[in-house]
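To keep things clear, I will list the structure first and then write my remarks on it.
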Number of protein chains: 2
Amino acid sequence: MVLDALDRKILAALQENGRMPLSAIAERAGVAPATVHERLAKLRAAGVVRGFEVNVDPHALGYTVTALVHVRVDLAAGLDKTVNELAAIPEVEEVHLITGEYDLVVKVRARDTVHLQELLLTRLHKVPGFVRSATEVCLTSPLERHGPLVKPD
Amino acid sequence: MVLDALDRKILAALQENGRMPLSAIAERAGVAPATVHERLAKLRAAGVVRGFEVNVDPHALGYTVTALVHVRVDLAAGLDKTVNELAAIPEVEEVHLITGEYDLVVKVRARDTVHLQELLLTRLHKVPGFVRSATEVCLTSPLERHGPLVKPD
DNA sequence: AATGAAAGTTGCATGAG
DNA sequence: CTCATGCAACTTTCATT
């Protein structure tokens, strides 16, 4: 799908505030609310807009530890199954297949280091095809946006 | 702030759909809409809810390449300044301070490999205190959630 | 594809329990 | 803290251009 300037204005507004009223977006973009409504429906239908999410502070949920776990897997064992099992873990937030020495990088949230150890030993290291892992612990995360910024140009 | 079962139900509903009407959340949680409204205001005020975001498919915006760039910096040069410059780059989506051989990991979206090279050479490698970097290119990203799942238990 | 108007929902403030 | 009520604001549909 090709995005025009109006589509990008709508997306940029929703990146600022995902619950912004369509009427407010319409005002910003200089069109009628009904137009925004129709555009948004098309963006949804085309898969450009996948959905809307709430941004919750992980600390408030009791998660104080973020870690990036690099995982090497036996690719012969069926990568899909491995990925699906990882994605089904509530504490797993991102799974990427990457180039390089490791095959996957998995972003994990844990309540504390004890919980992290438990996740690693009893969950991540037990997924199908697991070979070994290397973990980087995040001290702070100054930026955690969701998706690249839309340039409304 | 301490979250009770109702708070978690509200957050879980908003994780499914960040634009879900408060009335629908109220029905799911078995309370009045006004109650949800008040709880949400408190969750916002307490910083538990940081905001709402739209989840846009990066491919639709023309970003086909995702990369995790590990960066080693001269910490004496003022880490805050380094982080701020990175966070100001629109193509930068996450910045984490990590333990280990590198100091930062930066998640970047690029239109293509040419754009990635440009970002690395003309932007990331020019931030204050930059020493060296190592880049992992993401082939696919089967899971990209935003925050750990709230368990409504 | 965009609009304005109409009809149906929803959000929000108030006051009461 | 939770809820019921009422009004303002918002979303959605549809006929029109």
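So you know, we letter chains A, B, ... as the sequences are listed, proteins then strands, and number each from 1.
Between the CD atom of B:Glu38 and the P atom of D:dT2 there is a distance of 7 Å, rounded to whole Å. Going from atom CD1 of A:Ile25 over to atom P of D:dA9 covers 18 Å, rounded to whole Å. Rounded to whole angstrom, the span from the CZ atom of B:Arg19 across to the C1' atom of D:dT12 amounts to 13 Å. Rounded to whole angstrom, the span from the CE atom of B:Met20 across to the C1' atom of C:dT9 amounts to 16 Å.
In this structure, A:Arg39 reaches the C:dA2 phosphate: one of its side-chain N or O atoms is under 4.0 Å from OP1 or OP2. The side chain of A:His37 places no N or O atom within less than 4.0 Å of a non-bridging phosphate oxygen (OP1 or OP2) of D:dT11.
The aromatic rings of B:His146 and A:His146 sit parallel to each other, their planes meeting at less than 30°, with 60° as the upper class boundary. In this structure, A:His125 and A:Phe130 have parallel ring planes: the angle between them is below the 30° cut-off, well short of the 60° mark.
Side-chain proximity of A:Ala32 to the nucleotides C:dG4, D:dT2, C:dT10 is greatest for C:dG4. Residue B:Lys42 places its side chain closer to D:dC1 than to any other of D:dC1, D:dC3, C:dC12.
Using a 4.0 Å cut-off between charged side-chain N and carboxylate O, A:Glu93 and B:Arg145 make no salt bridge.
When all heavy atoms of A:Val54 and B:Leu11 are compared, the pair lying nearest together is CG1-O, 4.1 Å.
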